[in-house]
Structure formats: C-alpha cells, structure tokens
Amino acid sequence: MKLHEYQSKQIFARYGIPIPKGKVAATASEARVIADELGSRVVIKSQVLVGGRGKAGGIRLAKNSSEAEDLAAQILTMEIKGLPVRKVLVDEAANIEHEIYFGITNDRAARKPVMMASAAGGVEIEEVARLTPEKIFRVHIDPLLGLRDYQTRDIAAGIDLPREHWKTFGTIVRGLWQAYVDCDATLAEINPLVITADNRLLAVDGKMLLDDNALFLHPDLSEMRDLDVEADSEIEARKYGLSFIKLDGNIGCMVNGAGLAMTTMDIIKLFGGEPANFLDIGGGASSDKVAAALRIILADPNVKAILLNVFGGITRCDEVARGILDALSEIKTKVPIVVRLVGTNADEGREILANANMITAVTLVDAAKKAVAVANGELVQ
Ligand code: GDP
Ligand code: MN
C-alpha cells in the first residue's frame with residue numbers, strides 16, 4: 001500500500017525528521033487559509049500516488065495566499081497519470097541549495113534492508129541508478145543488529161555531506177529507519193532531502209510503501225489507504241477476504257490456494273491463453289465467498305471464459321459448487337465456465353454442477369486447453 005506524501009511526512013515528523021510546516025487542503029479556499037497562516041511563500045503540491053508530479057505541473061510555487069488559492073484551484077482539477085487530484089499539500093516553500101536522496105528498502109538478493117543515499121537527489125533514483133550508479137552509496141542493515149551509529153556516519157561521508165549537518169543527518173537516518181521498521185514498510189524514501197539556503201536539512205518530499213501483509217497490525221495505517229489507485233474489483237475482493245489481482249487477459253481464473261492459482265495462470269499461458277486475473281479464494285471458502293468471486297470475475301467485460309480449478313483439501317468441492325450455482329442464479333451469464341474439481345467431496349460437487357451446463361475437465365492441462373479454446377470462441381465438450 002502506498003502512502004501519500006503528506007501522510008509519509010506526518011510519520012517522518014513523529015520520528016524527529018524535520019519537515020516543512022504545512023497542511024493538506026481539499027479546496028482552493030482551504031489552501032488560501034493555510035497559506036495565510038504560514039505567511040510565507042508556499043509550494044502547492046498535488047497529492048497523487050504517482051511519481052514525477054513536478055514535471056506534470058502538479059507542484060507549483062506561490063508568492064502569496066491569493067496566488068496559492070489560484071494554483072490550488074488549478075491543481076485540484078488536474079488528473080495526473082490518470083489519477084484525480086483530490087488534495088493538495090500546502091507547505092512553506094524551502095529555499096533549496098542542494099538536493100539529496102535518502103531511502104530505505106529491502107534488498108531481496110542480500111536478504112537485508114538497504115539504505116541508499118546520493119548527493120544527486122531530486123531526480124528519480126532509478127535514473128541515477130541507470131546513468132550514474134557510482135553516485136549511489138549503499139549500506140546494508142543487519143536486521144538482527146539494527147542500524148549502527150557508524151553506518152550513519154559512513155553514509156554521511158559516502159555522500160560528502162558537510163560535517164555541520166552530520167548530527168541532524170544522524171537523526172534523520174535513525175528516524176527513517178525506525179519508521180521503516182515500526183510501520184512494516186517496504187520502502188521509505190526522502191527525495192529530496194534538501195539543504196536550505198539557511199543551512200538546515202529538510203525532508204521536502206516523502207514516500208512510503210507498506211507491506212500489505214502486515215497491515216492488520218496497523219489499523220491506523222490501513223485507514224490511510226487511498227481507494228483511487230485500486231481497481232474497484234480489488235476493493236470488492238478485499239471486502240470478502242479474497243486475494244484478487246486484475247490482469248489484462250480474457251480467461252477469468254478462480255482457484256483455491258495461491259500456488260495453484262499461479263500454476264493455473266502459467267498453464268493457461270502455456271496453451272496460448274492470457275489470464276484475466278489472479279484469484280485465490282482461499283482454503284475452506286464458503287459458498288458466499290465463491291459467489292462474490294464469480295461476480296467479481298464476471299464484472300470484467302474482457303472475460304470470455306472462466307476456469308475454475310479447485311483442489312478440495314480443506315475447501316469442500318460441494319461448497320464451491322453450491323456457491324457457483326448461487327452466483328449463477330443471481331447473475332445470468334453466457335460466459336462459458338470450465339470446471340475442474342478434485343479432492344474432498346469432488347463427486348458431490350460434480351453432481352451439483354451436472355445440470356448447470358458447464359464444461360468439465362479432469363486434469364489441469366485438459367481444463368486449461370478447454371478454457372483457451374472456448375475463450376477463442378471454439379466449441380468444446
Ligand atoms: P515529485 O516530483 O513527485 O518527486 O515531487 P517533489 O516533492 O520531490 O518535488 C519535485 C521538485 O520540486 C523537487 O525536487 C524540488 O526541486 C522542487 N520543490 C519541491 N518543493 C519545493 C520547495 O519548497 N521549494 C523549491 N524551491 N522547490 C521545491
Ligand atoms: Mn520527489
């Protein structure tokens with residue numbers, strides 16, 4: 001889950017990281033009031049969950065509160081990379097002398113978190129990594145030992161940070177690390193961390209990604225989720241506790257178990273098809289969950305066939321079959337459904353579906369071939 005800049009910076013502030021004074025506004029007049037309160041030049045920043053807002057015109061400097069109101073009005077009508085701007089952050093403008101990059105993420109290959117810093121901040125770090133990788137300084141953190149003070153100094157030295165800033169930089173590095181750990185983040189990034197004309201360090205931009213699988217530990221953070229960035233189907237799926245990811249193909253997949261779901265998608269592709277989604281209905285799925293899953297799949301107009309692949313272990317095949325019938329009595333569809341049921345109560349399941357006009361398959365290969373064929377408009381029995 002991605003956090004907005006203003007949300008990330010609020011978290012940063014709790015960990016002692018210096019951020020500019022500012023507040024979020026949902027209307028231009030609110031932006032004016034905030035700018036008046038700040039009583040200085042301000043920067044109006046669109047709060048959308050995409051990068052490169054600056055280039056897209058979503059970040060503008062205003063000299064006074066009436067200019068702030070005008071610019072906020074403009075920005076609040078914008079769409080940036082397909083996302084509507086619903087809020088702007090009105091921050092006291094910084095007088096920037098120098099832009100630094102500082103971020104923490106997981107290095108999967110090293111199996112450790114890694115801190116990255118660069119004196120070439122402000123621009124996208126991926127660009128720096130591609131064009132001038134030597135300008136990025138990296139330090140791995142041992143998850144058991146945690147961050148050591150010498151590592152903080154190594155980073156400061158590694159980016160040639162002037163000595164006078166080392167103390168504050170230490171606070172920022174330790175603060176970001178603690179925020180990263182406490183929030184179960186997968187990324188915490190300050191880009192740019194600026195040195196101002198009056199020689200202060202300031203986190204001007206902030207970005208955090210949180211581990212979805214740890215969100216249940218953080219109800220306060222879960223509440224920050226912005227539903228704009230997610231497909232409606234994914235929101236609906238979460239409500240029913242289904243793991244669902246929308247994809248671009250035309251074969252809807254309903255599978256129990258993440259591994260089997262991945263396998264099913266692979267085999268569909270092996271036979272020349274494209275899955276329309278990843279969907280794990282989970283172990284022991286009840287019939288109403290199955291019905292919800294079928295509704296979600298059928299809501300996608302690209303879906304030309306559905307492949308139902310259930311291995312009944314804890315999940316009972318007859319429950320799944322009943323769920324499908326429930327859903328089909330509610331939504332009339334012409335989309336052909338290929339069913340492969342194996343395991344617990346498979347016979348009962350097949351019996352329940354016997355009169356439902358579905359294409360049955362015994363093996364997964366058979367099921368995938370049939371699904372690809374019907375998705376292509378071929379007749380199959
Ligand atoms: P991003 O484009 O989405 O990464 O948004 P940022 O918050 O990083 O802003 C992009 C760029 O705008 C920064 O790298 C700065 O160069 C500039 N910028 C942002 N805030 C200020 C500010 O308060 N004052 C000045 N002068 N420039 C700013
Ligand atoms: Mn930035």
Side-chain angles (χ1 to χ4, degrees), residues 2-13 17-25 31 34-65 67-68 71-72 74-76 78-105 115-132 135-136 159 172 176 179 185 187-209 226 228-229:
K2 292 182 186 175
L3 293 187
H4 280 292
E5 173 193 3
Y6 77 93
Q7 297 165 327
S8 306
K9 277 158 57 174
Q10 278 165 6
I11 294 174
F12 293 176
I17 297 172
I19 61 166
K21 274 191 216 142
K23 277 188 192 156
V24 269
I34 297 166
D36 264 329
E37 279 170 19
L38 291 172
S40 64
R41 280 190 329 135
V42 293
V43 52
I44 312 286
K45 311 182 78 176
S46 54
Q47 298 299 290
V48 279
L49 294 173
V50 290
R53 295 168 301 162
K55 274 190 210 145
I59 294 180
R60 307 282 297 275
L61 283 164
K63 284 192 287 296
N64 51 47
S65 61
E67 209 176 289
L71 289 172
Q74 279 178 36
I75 294 176
L76 282 165
M78 285 175 70
E79 235 184 44
I80 300 179
K81 297 183 188 167
L83 291 178
V85 181
R86 302 199 194 275
K87 285 182 179 149
V88 290
L89 176 61
V90 184
D91 262 359
E92 192 171 71
N95 248 326
I96 300 178
E97 288 277 276
H98 193 76
E99 304 197 20
I100 294 165
Y101 173 93
F102 180 62
I104 310 171
T105 188
M115 291 190 165
M116 290 180 293
S118 175
V123 291
E124 276 182 42
I125 197 67
E126 292 81 2
E127 282 295 287
V128 182
R130 202 166 55 81
L131 300 172
T132 47
K135 288 190 179 161
I136 302 178
I159 59 168
I172 294 169
L176 198 70
L187 175 82
E189 184 181 85
I190 307 175
N191 189 26
L193 172 65
V194 305
I195 302 179
T196 62
D198 56 354
N199 240 356
R200 289 178 302 134
L201 281 180
L202 205 54
V204 158
D205 190 11
K207 180 173 173 183
M208 287 186 91
L209 300 184
D226 178 342
D228 281 341
V229 287

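Atoms within each ligand, like the ligands themselves, are counted from 1 in listed order. Below, each value reflects all heavy atoms present in this structure, side chains not excepted, and no hydrogens, waters or symmetry copies.
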Would you mind checking which non-hydrogen protein atom is closest to [atom], with the distance to 0.1 Å?
atom	value
atom 7 (O) of ligand 1	K45 NZ, 2.6 Å
atom 13 (C) of ligand 1	E99 OE1, 3.8 Å
atom 2 (O) of ligand 1	G54 N, 3.1 Å
atom 9 (O) of ligand 1	I59 CD1, 3.4 Å
atom 3 (O) of ligand 1	R53 NE, 2.7 Å

Is there side-chain contact between [X] and [Y], with heavy atoms separated by less than 4.5 Å?
X	Y	answer
R41	N95	yes
E37	V90	no
K9	P20	yes
I100	H98	yes

May I ask which of [options] has a heavy atom nearer to [atom] than the others do?
atom	options	value
atom 23 (O) of ligand 1	A94, G122, G206	A94
atom 19 (C) of ligand 1	L61, V204, D91	V204
atom 28 (C) of ligand 1	T196, I96, I190	I96

Looking only at distance, does N191 have an N or O less than 3.5 Å from an N or O of ligand 1?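 It does: an N or O of N191 is found under 3.5 Å from an N or O of ligand 1.
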Applying the salt bridge (charged side-chain N to carboxylate O under 4.0 Å, His left out) test to E5, which of R53, K207, K87 qualifies?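 One option only clears the test, and that one is R53.
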Heavy-atom contacts with A93 under 4.0 Å: which atoms of ligand 1 show up? List them by number with element.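 Those atoms are 23 (O).
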Should you measure from each heavy atom of D205, which atoms of ligand 1 turn up under 4.0 Å away?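 Ligand 1 atoms under the 4.0 Å threshold to D205: 1 (P), 4 (O), 5 (O), 6 (P), 7 (O), 8 (O).
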Please find out if the Mn ion (ligand 2) and some N, O or S atom of D205 are separated by less than 2.8 Å.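 Checking D205: at least one N, O or S atom is under 2.8 Å.
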Using a 4.0 Å heavy-atom cut-off, say whether K55 meets ligand 1 through its side chain, its backbone, both or neither.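 Looking at K55 and ligand 1, no heavy atom falls under 4.0 Å.
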Does the protein place any heavy atom closer than 4.0 Å to atom 11 (C) of ligand 1?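 Protein heavy atom within 4.0 Å of atom 11 (C) of ligand 1: absent.
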I125 and side-chain contact (heavy atoms from CB on, under 4.5 Å): which partner among E189, R130, M116, K135?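 Output: one option passes, namely E189.
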Taking it one step at a time, do L3 and I11 satisfy side chain to side chain contact (heavy atoms under 4.5 Å, CB included)? CA-CA 10 Å; L3 293 187; I11 294 174; 3.6 Å; yes
Would you give the length of the straight line joining atom CD of E124 to atom OH of Y101, rounded to the nearest 0.5 angstrom?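 One gets 10.5 Å once the value is rounded to the nearest 0.5 Å.
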Over 12 foreign heavy atoms within 6.0 Å of NZ, K81: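 Yes, the 6.0 Å shell around NZ holds more than 12 heavy atoms from other groups.
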